[in-house]
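What follows is one structure encoded as structure tokens, with my remarks underneath.
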Amino acid sequence: MKRTEIKDALALTTYGQRINVRGWVRSRRGNKNVSFIALNDGSTIKNIQIVADLATSDGCSSEGKRFSEEELKLVTTGACISATGSLVESMGKGQTVEIHADEIEVYGTADPDTYPLQKKGHSLEYLRTVAHLRPRTNTFGAILRIRHNMAIAIHTYFHEHGYFYFHTPLITASDCEGAGQMFQVTTKNLYNLKRDQQGQIDYSDDFFGKMTALTVSGQLEGELGAMALGKIYTFGPTFRAENSNTPRHLAEFWMIEPEIAFYDINDNMDLAEDFIKFCIQWALDHCKDDIDFLNQMYDNTLIERLNGVLAEKFVRLDYTDGINILLEAKKKFEFPVKWGIDLQSEHERYLVEEHFKRPVILTNYPKEIKAFYMKQNDDGKTVRAMDVLFPQIGEIIGGSEREADYDKLLNRINELNIPMKDMWWYLETRKFGTVPHSGFGLGFERLVLFVTGMQNIRDVIAFPRTPNNAEF
Ligand code: 4AD
Ligand code: MG
């Protein structure tokens, strides 16, 4: 018989219809007359109840199939089963239909003595140690479905606004952010490295004939796309070997990077705000059951916070004004504030959560703390950068207007000693048909963090990659 997904089964009202559902047993309870099996197949956070009459029952007058204890012995928490029976209206609280089973097949057993997800309410820390099984919990089912929906929201937004999805390489020879946090890619024998006369590693016989690494950002190539197609976005994995073991950093994370020709920094801010609000609205519209669950179980201010962000216009603030607010704040920060510092999460969150009580877009940062490609302001000190700062998260988006002037860009590249051999192709865009253009990067996991209300970025990606952790 064809399988009905539980999400669809729960919406049926064709009582008496015989249907088949398949999934993983969340629990089985009952008495000597009847067994109640809570079954989940991942299509929704809700379980369907399977009712199995037992052969030992005596006073029970109902007709139909009776299961022996022996038949149901293997139907334990975590087992995978197929259940067929008639759809009946449920008397139980909070459920509309259940299935009165006449056939149960066990696909895979789960030994109660060793199955790691026995009880409800395991800690998130414990669940990280069983990341191969945690998608089967309510919490991770909810998070992973929301994550999927956020990806769909992003593609929908850009597609509907005339952007082209542009695929940038994952293996590259250039360090876009210039932070030296790249994971090297090589086929060389690390036990027997060929060196040149100065003792430097000779990459001429490596796979690509030069040193290569996993990309930290698709932006540089994205700019090439924008300067041909007009409006593009990337959406792919990025890699950073930054040894920051924080609840906001992953070594492998997904980034969305729109890049738009003819956009200045103000257009860029308008886009960032409109785009991220669209994604949050999408989550509220498409993930209600899952968000309700997370709001109830983890953070009962979640829905309020999501609506709060939608209701207000984001503050737009100069970095220098932001520093002044922090300097005047009564609060004692762990990292001291002065003009020129790279803001820490505590500073960003102070501005957003305590001072303005809404998202802030901070612009015109000191050039020393930002990447080489950002448009230089006339003051000679700042660049046209923009970071979007969010409650709970801090920086969720980082972007800028790009330096479109060939000479200024080349000067900056030279000042920072970026090897020209890696950058010639990027510079050529400023030589042939250059144009003012802008873009930004949204950290996908930080968006999912915000929308789920989770506290740790390790809990919004199925298999997190962090320092000392590449399990699963
Ligand atoms: O601010 P970042 O480093 O900017 C760029 O990479 C630019 N090339 C983007 C652009 O203009 N096209 O990174 C962008 C965003 C951050 O705001 C943050 O949300 C996320 O990527 N991010 C990380 N997320 C998880 N783990 C990490 N280690 C992250 N590093 C950055
Ligand atoms: Mg940044």
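Residues take their numbers from the sequence shown, with the count starting at 1. Note that ligands are numbered from 1 as they come in the structure, with each ligand's atoms numbered from 1 the same way.
- In plain terms, the two heavy atoms of I154 and I256 that are nearest each other are CD1-CD1, 3.7 Å.
- At the shortest separation from atom 26 (N) of ligand 1 among protein heavy atoms lies L250 N, 2.9 Å.
- Of all the heavy atoms in N364 and D318, the pair that sits closest is ND2-OD1, 3.0 Å.
- The closest non-hydrogen atom to atom 31 (C) of ligand 1, taken over R248, Q181, R240, comes from R240.
- Ion pairing between D405 and K375 fails under the 4.0 Å rule for side-chain N and carboxylate O.
- For atom 19 (O) of ligand 1, the closest non-hydrogen atom of the protein is I396 O, 2.8 Å.
- Closest of all the heavy-atom pairs between S217 and R240 is CB-NH2, 4.3 Å.
- Of all the heavy atoms of M374, none lies under 4.0 Å from any atom of ligand 1, so neither backbone nor side chain is involved.
- Under the 30°/60° scheme for interplanar angles, the aromatic rings of F275 and F440 are found to be tilted.
- For atom 20 (C) of ligand 1, the nearest non-hydrogen atom of the protein is G443 CA, 3.5 Å.
- Heavy-atom proximity to S217, at under 4.0 Å, picks out these atoms of ligand 1: 6 (O), 8 (N).
- Between F278 and W282, the ring-plane angle classifies as tilted under the 30° and 60° cut-offs.
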**Prompt:** Given H155 and Y157, is the ring-ring contact (aromatic ring centres under 6.0 Å, His included) satisfied, shown in steps?
**Reply:** CA-CA 6 Å; H155 286 300; Y157 181 89; over 10 Å; no
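- Some N or O of R402 is nearer than 3.5 Å to an N or O of ligand 1, by distance alone.
- Of the protein's non-hydrogen atoms, E257 OE2, 3.2 Å is the one closest to atom 9 (C) of ligand 1.
- Atoms of ligand 1 found under 4.0 Å from any heavy atom of G399, numbered from 1 in the order shown, are 11 (O).
- For the salt bridge (Lys or Arg N to Asp or Glu O under 4.0 Å) test with D290, the passing option among R145, R147, K46, K7 is R145; the others fail.
- The nearest heavy-atom contact from the protein to atom 28 (N) of ligand 1 is E242 OE2, 2.7 Å.
- In summary, R430 and D407 do not engage in a salt bridge, as defined by a charged side-chain N under 4.0 Å from a carboxylate O.
- Contacts between I457 and ligand 1 below 4.0 angstrom, taking non-hydrogen atoms only, involve the side chain exclusively.
- Proximity of V360 to F390: side-chain heavy atoms (C-beta onward) are nowhere separated by under 4.5 Å.
- Residue contacts with ligand 1 for E445 are absent, since no atom lies close enough (heavy atoms, distance under 4.0 Å).
- Atoms of ligand 1 lying under 4.0 Å from at least one heavy atom of I397, given by number and element, are 17 (O).
- Taking atom 18 (C) of ligand 1 as the reference point, the nearest protein heavy-atom neighbour is R446 NH1, 3.6 Å.
- The ligand atoms of ligand 1 that sit less than 4.0 angstrom from a heavy atom of Y373 are 7 (C), 8 (N).
- Selection from F390, W254, F253 by nearest heavy atom to atom 29 (C) of ligand 1 gives F253.
- Cation-pi contact between K210 and Y203: absent, since separation from the ring centre below 6.0 Å together with deviation from the ring axis within 45° is not met.
- Inter-residue side-chain proximity for R402 and S438 is flagged as unmet; no heavy-atom pair is nearer than 4.5 Å.
- Taking 2.8 Å as the criterion, E395 counts as a coordinating residue of the Mg ion (ligand 2), since one of its N, O or S atoms falls below it.
- Atom 21 (O) of ligand 1 has M255 SD, 3.4 Å as its closest protein atom, hydrogens excluded (heavy atom only).
- Looking at atom 1 (O) of ligand 1, its nearest protein heavy atom turns out to be E395 OE2, 3.0 Å.
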